[in-house]
Amino acid sequence: MDFKLIEDKWQRIWAENKNLYKADDKSDKPKVYVLNEFPYPSGSGLHVGHAFSFTGGDIYARFMRMRGNNVLYPMGWDAFGLPTENYAIKMKRKPQEVTKENTDNFRNQMKKLAFSFDWEREINTTDPQYYKWTQWIFIKLFEAGLAYKKEMPINWCPSCKIGLANEEVVDGKCERCGSEVSRRNISQWVVKITKYADRLIDGLKDTSFIDKVKQAQINWIGKSEGAKIRFQISDVRSQIKELEVFTTRPDTLSGATFMVVAPEHELINGIIDNYELRITNEEREKIQEYVKQARKKSEMERTELNKEKTGVFSGLYAINPINNKEIPIWISDFVLVSYGTGAIMSVPAHDERDKEFAQKFNLPIINVYDDEKKVNVAEEVKKAIELIINKGIGEGASSYHLRDWIFSRQHYWGEPIPMINCPKCGWVTEKEENLPIVLPEVEAYEPTDDGLSPLSRIESFVNCTCPKCGGVAKRETDTMPNWAGSDWYFMRYCDPHNNKELASFDTLKKWLPVNVYIGGDEHNTLHLLYSRFIHQFLYDLKVVPTPEPYAVRMSHGVILGPDNNRMSKSKGNVIVPETVADKYGVDVVRMYMMFMGPFEGTMAWNENTLMGVKRFLDRFEKYIINQINNKSASNDDCNLVINKLIFGLTKDINEFGYNTAIAKLMGGLNDLEKIKIDKNSIEVLLKLLAPFAPYITEELWSQTGNNNSIHSTSWPVAQEKYLIDEVVKLPVAINGKVRDQLTVTSEQLRVKENVVAMAKELENVKKWLVGKTIIKEIYVEGKMINLVVKG
RNA sequence: GCCGCUGUGGUGAAAUUGGUAUACACGCCAGACUUAAAAUCUUGUGGUAGCAAUACCGUGUGGGUUCGAUUCCCGCCAGCGGCACCA
């Protein structure tokens, strides 16, 4: 059959059948919410990674639907972002138009690949009716004190002219364009995700993510436990009298022989400006120079380039609170102002970095323990914290690797941040009834040279009245990061057309949590963490009914190019799913991708193996067509094969074991070609293949005389009695080595004595027993027999 | 350096509450059909020895537990992914 004709035909018919894949808010059937990460609709169209991931989700959704569930399987567009903006700048086109073209293209490609999305729930993060609620969430964050404006050094990409989060800097370079990142001070909106750090760790207990994903989240949050300890500064002329440090090893306090503060530490400003301190001008200049150099470097450079420690003495001394010894305070860029308190106590005897520093600058090294390996550190730390609390010099504390989330972007193509700066009232939220704050159309999309968003050039946008006092005020011109639209989209799918709330509590209660969330490994930390944070925050506001958004996280693998490298345009190894589908048909492409290997695995594209799948589908089709007028009665041989298939497929699909499910289908066809099949079994066979190959099965289903869609039929149930073999071949081993096989009936294999006795009579077994004594007879029912012999 | 993962035929891979290792597919060999080729179909295909029955070896590597280990434990080697002066 011509697959193109079939594909066109069924695409048309399915499009008319609006209820085929509809998720029903009112149904009494059990709900299943299957979610694929929604894509960024790029100009180059759907790539293999998308096709692979969505096929995996689609098979599961189709399977769950056939199993009698009310399935929510939605799709949408994470459409804000730099590539579209850059394209718009280059081509002098509106990002809105470009996005429309790209999403239209993506939608058509998805329909062609037969993904069973409920298109009535399609969402788009760039739709004002959608980002109205993204803005609303920001207002709630601000009201809860979780969003604040802060002048802070940020990673600055000179090429994109944008501030980057630490997470967006890879190897000191901009994640998107690869330019070297420098540092720059900009006033930014920052979201206090750190306040939820503990909750984000604890909440994992309520999910069934695989350990790998949980561990990735825990590591990213990076909780360390220890103590904060206060050191007095001995120079009376210093305005700052106290230096607080965080340490995981408070038990080594008596070995602290110096302190180190980050160059950005507030203490340093005091030194440079305070001319009464007992340091020479020369020393002051040295400090100034060091701080200046350190500030120029990005954090990445500082950490990367630091093969050798650098630093300068600050001229100040602190008092070690445990022994009242005066110890010097040094400045070094290996201490990060953004971690802990930005200052450390240095214990060179028990810390490698401190040791290196001490050796370079000739600072004393004092051992706390003769042999640290023999010490129960956890126990000593516990005792030390008690002591520190009793002495009133500090308290137990934890610190996190996780940092607050920089939420401002100086770009056009993002959600406007709904904040207004009033000279009298300060930062004020926009009134909710004025949302959405719609992105105005502008002439040019480039950020300004001083790094401001192009929105800052639109006076009618910037100038506004203060929602609080009614005075003249100015609107924020920064926009939100990509993550903002994607961290709550799964809520909107539950109630996508609601214009009163982001989603009604009732529909959220109906659908949440997401039963299976399918996405890439690369989103196991950032996107997953951000969206869990927003979800937890909204849970606290009683907007959502569940503490966690996702029950199970499924992270799919990667498809490499035929050359075993990651697909990229520069390597010329990109496989376009649409092209392959045009050549072999959609069903072949879908099945091949699922047959390549385990769904979570990394594997290379190989068109030879694809031919195997194509052959199978051709043979399958021929087989069914030959059976169309089949009137045979059911028979046991066929029932055994079919019921084992039902059982095996049901189990495999449930566990995303698509490669083995397809292997079983292939094996099943091999078996069936040798025996007689009846009409009912033919229909079962078609149903089993339906989630994988929706076009061919639908066509054959209609050719075998059915008027309904195979995709709205119910999944077959295996009959127990056909799952047990009447006759079983048991391996018989002597001392663990298999020597023969014993054929027994399912009745016979229940009695150990009989089975063992029969085994001993086998020719090959007898041979091995000559002159030996049996010392042990092991029989695992239905599995195997092992005779342990001696002599 | 730290965290996580992986290692099975010529290739992609199956099999783990410990029970016949290599299912399914690719490739390859031989055969059928064909003037021929492609396509299709049939058979074979872990290694060594043997006409064969069969025997021995075999899941990165060295040990251990066990009647029995691809599966569990310990050490090592190789590769992949992530993080990295985090106090």
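To find a chain, count down the sequence lines: A is the first, B the second, and so on, and within it residues start at 1.
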Distance, rounded to the nearest Å, where [X] contributes [atom1] and [N] contributes [atom2]:
| X | N | atom1 | atom2 | answer |
| --- | --- | --- | --- | --- |
| A/Met784 | B/rA21 | CE | P | 8 Å |
| A/Leu645 | B/rA23 | CG | P | 18 Å |
| A/Asn606 | B/rA25 | CG | P | 16 Å |
| A/Leu787 | B/rG19 | CG | C1' | 14 Å |
| A/Ile734 | B/rA55 | CD1 | C1' | 15 Å |
| A/Lys737 | B/rU20 | NZ | P | 14 Å |
| A/Phe231 | B/rA87 | CZ | C1' | 12 Å |

Below 4.0 angstrom, N of the basic side chain to O of the carboxylate: do A/Lys622 and A/Glu673 qualify?
no

Answer yes or no: is there an ion pair linking A/Asp351 with A/Lys355, defined by an N-O contact shorter than 4.0 Å?
no

Taking the [atom1] atom of each, how far is [N] from [M], in whole Å?
| N | M | atom1 | result |
| --- | --- | --- | --- |
| B/rG19 | B/rG68 | P | 15 Å |
| B/rA69 | B/rG63 | P | 14 Å |
| B/rU61 | B/rG50 | P | 26 Å |
| B/rA14 | B/rC24 | P | 14 Å |
| B/rA55 | B/rG1 | P | 49 Å |
| B/rC41 | B/rC73 | P | 45 Å |
| B/rA39 | B/rU22 | P | 30 Å |
| B/rC72 | B/rU17 | C1' | 12 Å |

If you check the [X] side chain, which of [options] turns out closest?
| X | options | result |
| --- | --- | --- |
| A/Phe595 | B/rC67, B/rA87, B/rA25 | B/rA25 |
| A/Ile778 | B/rA14, B/rC24, B/rG19 | B/rG19 |
| A/Ile344 | B/rG27, B/rU20, B/rA87 | B/rA87 |
| A/Thr609 | B/rA87, B/rG19, B/rC26 | B/rC26 |
| A/Asn670 | B/rA87, B/rC24, B/rG19 | B/rC24 |
| A/Lys212 | B/rC24, B/rG4, B/rC26 | B/rG4 |
| A/Met666 | B/rU20, B/rC41, B/rC24 | B/rC24 |
| A/Val738 | B/rA87, B/rA55, B/rU20 | B/rU20 |
| A/Pro598 | B/rC83, B/rA14, B/rA87 | B/rA14 |

Does [X] reach a base, just sugar-phosphate, or nothing at all? Heavy atoms under 4.0 Å.
| X | value |
| --- | --- |
| A/Thr525 | nothing |
| A/Arg566 | nothing |
| A/Lys664 | nothing |
| A/Trp605 | nothing |
| A/Asn786 | base |
| A/Gln741 | base |

Quick one: on RNA chain B, does A/Lys674 or A/Pro731 contact a more 5' nucleotide (nearest heavy atom)?
A/Pro731

Heavy-atom nearest nucleotide on RNA chain B for A/Val613 versus A/Tyr339: which residue maps closer to 5'?
A/Val613

Kindly say if [X] contacts the phosphate of [N], meaning a side-chain N or O under 4.0 Å from OP1 or OP2.
| X | N | value |
| --- | --- | --- |
| A/Lys783 | B/rU17 | no |
| A/Ser224 | B/rA87 | yes |
| A/Arg353 | B/rC86 | yes |
| A/Arg615 | B/rC26 | yes |
| A/Arg619 | B/rA39 | no |
| A/Asn659 | B/rA14 | yes |
| A/Trp768 | B/rA55 | yes |

For B/rU54, which nucleotide in any strand shown is its Watson-Crick or wobble partner with both distances under 3.5 Å?
B/rA49

Could you tell me the Watson-Crick or G-U partner of B/rU17, where both distances fall under 3.5 Å? Say none if there is no partner.
none

Quick one: does A/Arg590's side chain have a donor or acceptor within less than 3.5 Å of a partner on A/Pro691's backbone?
yes

Donor-acceptor pair, distance only, cut-off 3.5 Å: does the side chain of A/Arg739 make one with the backbone of A/Asn764?
no

Under 6.0 Å between ring centres: does that hold for A/Phe595 and A/Phe616?
no

Under 6.0 Å between the ring centres of A/Tyr369 and A/His350?
yes

Assign B/rG9 to syn or anti; the rule is syn for a glycosidic angle within 90° of 0 and anti otherwise.
syn

Test side chain to side chain contact (heavy atoms under 4.5 Å, CB included) applied to A/Leu253 and A/Val245, A/Val368, A/Ile393, A/Val347, the passing residue:
A/Ile393

Can you give me the closest heavy-atom contact between A/Pro321 and A/Ile229, atom names plus distance?
CG-CG2, 4.0 Å

Aromatic A/Phe334 / basic A/Lys309 pairing, under 6.0 angstrom, 45° off normal
yes

